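Note that the structure is a prediction, hence the values are computed from the model and not measured. For this chain, numbers begin at 1 and follow the sequence in order. Numbering of ligands and ligand atoms starts at 1, following listing order.
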Amino acid sequence: MGRLRSSELEHFVHLGKRKYRRERRALKKLFHANEHRVEPNAKVTDRSIFKYWKNRMTLFSQMQNKDIYMTRELWFSVTPESVAKFVARFIKSCLPEAKVVLDVYCGGGGNTIQLAQYFPKVYGVDNSLDHLYCTYRNAQAYGVEDRVWLKYGDWRELSRKRRFEKVAVDCVFSSPPWGGPEYLRSEVYDLEAALQPQGLRETLAGLLRVSENVVLFLPRNADLSQLSQVTRELLGEQALCKVLYVKQNGYMKGILCFWGARFYNYTRNAAETSNAALEPSGTAGSCDAVPESNAQALDYSVDG
Ligand SMILES: C[S@@+](CC[C@H](N)C(=O)[O-])C[C@H]1O[C@@H](n2cnc3c(N)ncnc32)[C@H](O)[C@@H]1O
């Protein structure tokens, strides 16, 4: 049980306003009932999430020591901590002076929390109040809640209304819904037809309006030719997209796609040096460049 304090409500951008009365009431209820708290040692009864629950420590390493909050959907969709840490550190290596990062579709805060370890201000956006609440609670577990600002709403609407375009965002990260565990059913993942809630072109165009530095976390079987084509269409014939294949314990978790000159100009040595400087027990692993037209692919392993 716990009350939503006004200092906490402040971190839910605009929810203090009159027009969000209903949402504020719902949020207060979630805090009061301590909703969605995971009992780490109580075995889950829902068989469909058992495989994710078994690996719960890879999602949030604080699962045993601190209160972590999850919805059923989040068990399938939270970015594993080592991958989230890797991407946050990679962005930090390439954009060391960045101050403000936006996490579109922030879910349960897997990425938001790791970004907040390296950047002073991280905005998270999600259209699920329950997920925003989980992000905030999980950020508290990691002691970074003061750096996290959460905006409730449908990203398509916020993007159409150009809500974040006046904020000086240095980098946008986004892990959009892949459409459930079925994403691996087809050999090649169609980034226009399957990506939710918008296809790649619309997603990328919207994110590029907020910042020239964009990072997308996409399925490992994503169609690279679509990435190449959309990159050219939106940024010109010579534009590049850097793609990192990210493995965790030998298992390919997905691809990280980067747009922005600072990301292309990254060199392995520079990143490893700055990563090492950031945190000695590194997650960075082997890296082999396989340049392709408009999509430069690199292979990365993360431990954990
Ligand atoms: C793959 S999860 C993100 C996981 C997150 N990176 C993490 O590590 O916890 C995708 C999220 O997108 C949110 N979402 C789906 N459609 C949305 C929309 N139209 N606008 C905003 N958020 C949306 C879902 O509620 C879900 O939390």
(message) Under a 4.0 Å threshold between the charged nitrogen and the carboxylate oxygen, would R72 count as salt-bridged to D46?
(response) yes
(message) Any nitrogen or oxygen of W155, side chain or backbone, less than 3.5 Å from one on ligand 1?
(response) yes
(message) Can you name the atoms of ligand 1, numbered from 1 with element, that are less than 4.0 Å from a heavy atom of N111?
(response) 6 (N), 8 (O)
(message) S128 versus ligand 1: do any nitrogen or oxygen atoms come within less than 3.5 Å of each other?
(response) no
(request) Determine, considering heavy atoms only, which of P80, C106, G110 sits nearest to atom 5 (C) of ligand 1. (result) C106
(request) Would you check the N or O atoms of G108, main chain and side chain alike, for any that come under 3.5 Å of an N or O of ligand 1? (result) yes
(message) Regarding atom 13 (C) of ligand 1: of the candidates V83, D126, D130, which has the closest heavy atom?
(response) D126
(message) With nothing but distance in play, are any N or O atoms of G109 less than 3.5 Å from an N or O of ligand 1?
(response) yes
(request) Select the closest option to atom 10 (C) of ligand 1 among S175, G107, S77, judged by heavy-atom distance. (result) S175
(message) Within the 4.0 Å heavy-atom shell around D154, which atoms of ligand 1 are there?
(response) 18 (C), 19 (N), 20 (N)
(request) Please report which non-hydrogen protein atom sits nearest to atom 3 (C) of ligand 1, along with the residue it belongs to and the distance in Å to one decimal place. (result) Y105 O, 3.2 Å
(message) Test your reading of the model: is there a side-chain donor-acceptor pair from R56 to the backbone of P40, 3.5 Å cut-off?
(response) yes
(request) Report yes or no: does Y245 contribute a side-chain atom to a donor-acceptor pair with the main-chain N or O of M252 at less than 3.5 Å? (result) no
(message) Once you restrict to heavy atoms under 4.0 Å, what part of A84 touches ligand 1? Side chain, backbone, both or neither.
(response) neither
(request) Within a distance under 4.0 Å of any heavy atom of G153, pick out the atoms of ligand 1 and give their elements. (result) 20 (N), 21 (C)
(request) Give the contacting part of P197 toward ligand 1: side chain, backbone, both or neither, where contact means a heavy-atom distance below 4.0 Å. (result) side chain
(request) Return yes if a side-chain donor-acceptor contact under 3.5 Å exists between Y69 and D130, otherwise no. (result) no
(request) Pull out every atom of ligand 1 sitting under 4.0 Å from any heavy atom of T79, numbered as shown with elements. (result) 6 (N), 7 (C), 8 (O)
(request) Without swapping roles, check the side chain of Y152 against the backbone of H14 for a donor-acceptor pair under 3.5 Å. (result) no
(request) Would you please indicate if the ring centroids of F258 and F90 are separated by under 6.0 Å? (result) yes
(message) Please check: side-chain N/O of N127 versus main-chain N/O of G153, any donor-acceptor pairing under 3.5 Å?
(response) no
(message) Ring of F119, cation from K99 - is the NZ or CZ under 6.0 Å from the centre and inside 45° of the axis?
(response) no
(request) Determine yes or no for a side-chain-to-main-chain donor-acceptor pair under 3.5 angstrom, with Y123 supplying the side chain and V167 the backbone. (result) no
(message) Counting non-hydrogen protein atoms only, what is the nearest one to atom 15 (C) of ligand 1? Give residue, atom name and distance.
(response) P177 CG, 3.6 Å
(message) Quick check against the 3.5 Å criterion: does H131 have a side-chain atom that pairs as donor or acceptor with the backbone of C106?
(response) no
(request) Determine yes or no for a side-chain-to-main-chain donor-acceptor pair under 3.5 angstrom, with E8 supplying the side chain and R5 the backbone. (result) yes
(message) Heavy-atom distances under 4.0 Å decide this one: backbone, side chain, both or neither, for E73 against ligand 1?
(response) side chain
(request) Would you tell me which option among N138, L59, N127 has the nearest heavy-atom contact to atom 21 (C) of ligand 1? (result) N127
(request) Give yes if a backbone or side-chain nitrogen or oxygen of D103 is under 3.5 Å from a nitrogen or oxygen of ligand 1, and no if not. (result) no
